[in-house]
Amino acid sequence: MHPHVEIEDLETSLERAAEIVAGAERLAVLTGAGVSAESGMRTFRGAGGLWEGEPVQEVATPQGFQRDPARVWRFYNNRRSHLKTVLPNPGHHALAELERRWTSSRFALVTQNIDGLHQAAGSSHVLELHGSLTRIRCSRCDYLRECPEEDLPELPQCPSCGRLLRPDVVWFEEMLPGNIWELAVEAVTACRAFLVIGTSALVYPAAGLIEMAIRLHVPVIEVNPDRTPISNAATLSLHGPSGEVLPKLVALLPPEQSP
Ligand code: BV8
Ligand code: ZN
């Protein structure tokens with residue numbers, strides 16, 4: 001069992017967290033919007049969250065797309081153009097460093113984010129549970145294209161079948177890509193420490209990975225300036241912004257630690 005350890009000061013928590021991580025043969029990480037906050041990406045539930053002014057039902061569900069595809073494409077094209085102005089932050093780079101040290105056979109980064117910033121920071125083994133802003137696909141046939149930079153028309157058509165293209169993201173009430181979900185479950189089941197970074201732990205099934213780790217008595221280390229529904233169950237909660245906390249955590253690991 002790895003019961004919750006309440007440590008008030010961040011430095012002591014960081015040392016304890018570094019011990020747990022250093023001793024873990026395999027690592028898994030789950031990130032949410034908070035890991036990209038210091039890159040200038042808005043989170044969903046904080047003040048000024050993404051969904052404000054744009055009801056989820058209208059811009060991030062299949063029904064919303066059916067009702068008004070132009071409105072959904074305006075929402076996603078805005079986010080795509082914002083993406084061109086942001087860069088990975090030190091938190092993303094710290095996670096890429098962890099993957100380098102543990103090698104991708106013993107490290108899995110599962111993200112709820114669709115911004116591609118983990119890959120931009122050098123992470124190569126990224127499981128995107130909710131898809132990607134840089135990919136579009138056909139709403140009917142299997143046409144799929146990576147198009148990070150392109151400015152898309154308001155209602156892009158499929159060059160293969162002429163139907164409407166859509167962002168290659170998972171909307172609410174849509175299933176997650178089966179293969180990605182299975183790999184995420186495998187990674188959490190196999191890991192010996194689970195870092196949960198920048199997520200409100202409210203969206204399922206992603207949040208279920210945290211509960212799975214806790215049930216499996218895997219040490220769970222949360223990095224979040226705020227408390228969340230999993231803070232009490234996590235082994236350790238590092239209360240601070242991931243762009244500051246993660247580089248400190250990596251710096252506390254024994255040099256070139258790879259268990
Ligand atoms: C599913 C892609 C099976 C799109 C996203 C009724 C009917 C049907 C389903 C449901 C239902 N009721 C509930 C559900 C399940 C539903 C769900 O969980 N709803 C929630 C709202 C309760 N889930 C689904 O629908 C999923 N599919 O269940 O399929 C099914 C199918 C049919 C019928 C029934 C079931 C699909 C979920 C995926 C939705 N797509 N994204 C897009 O992005 O446009 S989710 C989207 O919101 C994000 O991807 C992300 O996952 C989520 C937001 O969560 P977070 O990432 O955690 O972000 P948030 O802002 O909430 O929190 C940020 C945190 O960071 C905060 O804690 C903050 O303190 C912290 N922070 C801030 N700054 C920093 C920081 N941390 C560190 N450092 C900092 N600097
Ligand atoms: Zn098509």
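Just follow the structure's listing: the first ligand is 1, and inside any ligand the first atom is 1. Reckoned from all heavy atoms, side chains included, excluding hydrogens, waters and symmetry mates. Numbers here simply count residues along the sequence, with the first being 1.
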* How many angstroms lie between atom CH2 of W102 and atom CD of E25, to the nearest 0.5 angstrom? -> 10.0 Å

* Can you check whether P241 has an N/O within less than 3.5 Å of an N/O in ligand 1? -> no

* To do: Keeping waters out of it, list the protein N, O or S atoms under 2.8 Å from the Zn ion (ligand 2).
  => C138 SG, C141 SG, C158 SG, C161 SG

* Going by heavy atoms, is P225 under 4.0 Å from ligand 1? -> yes

* To do: For atom 63 (C) of ligand 1, state which one of G243, G198, A201 supplies the nearest heavy atom.
  => G198

* Parallel, tilted or perpendicular: which describes the rings of Y76 and W171, with under 30° parallel and over 60° perpendicular? -> tilted

* Residues in side chain to side chain contact (heavy atoms under 4.5 Å, CB included) with R137, at least two apart? -> L144, R166, D168

* To do: Mark yes when over 12 heavy atoms from residues, nucleotides or ligands other than R67 sit less than 6.0 Å from its CZ; otherwise mark no.
  => yes

* Asked: If you measure from the Lys or Arg side-chain nitrogens to the Asp or Glu carboxylate oxygens, is any gap between E150 and R145 under 4.0 Å?
  -> yes

* To do: Measure L202 to ligand 1 on non-hydrogen atoms and call it side chain, backbone, both or neither using the 4.0 Å cut-off.
  => backbone

* Structure fact -> dist S36:OG -> N89:CG (nearest 0.5 Å) comes out at 7.0 Å

* Interatomic distance, Q112 atom CD to T31 atom OG1 [nearest 0.5 angstrom] -> 7.0 Å

* Is it the side chain, the backbone, both or neither of E173 that has a heavy atom closer than 4.0 Å to ligand 1? -> both

* To do: Report yes if G240 has an N/O atom closer than 3.5 Å to an N/O atom of ligand 1; otherwise report no.
  => no

* **Non-hydrogen atoms of R80 and L133 that approach each other most closely** => NH1-O, 2.8 Å

* Report the distance from atom CG of D115 to atom NE2 of H130, rounding to the nearest 0.5 Å. => 13.0 Å

* Part of I114 within contact of ligand 1 (heavy atoms, under 4.0 Å) -> side chain

* Heteroatom distance test (Q112, ligand 1): nitrogen or oxygen, under 3.5 angstrom -> yes

* **Min N/O separation R79 to ligand 1 under 3.5 Å** => yes

* Examine N113 against ligand 1 and note whether any of their N/O atoms are separated by less than 3.5 Å. => no

* To do: Could you verify whether a donor N or O on one side chain and an acceptor N or O on the other, from S237 and E222, lie under 3.5 Å apart?
  => yes

* Can you tell me how far the CZ atom of R74 sits from the CG atom of L155, to the nearest 0.5 Å? -> 9.0 Å

* Structure fact -> Logged contact type for A37 with ligand 1, heavy-atom cut-off 4.0 Å, is side chain

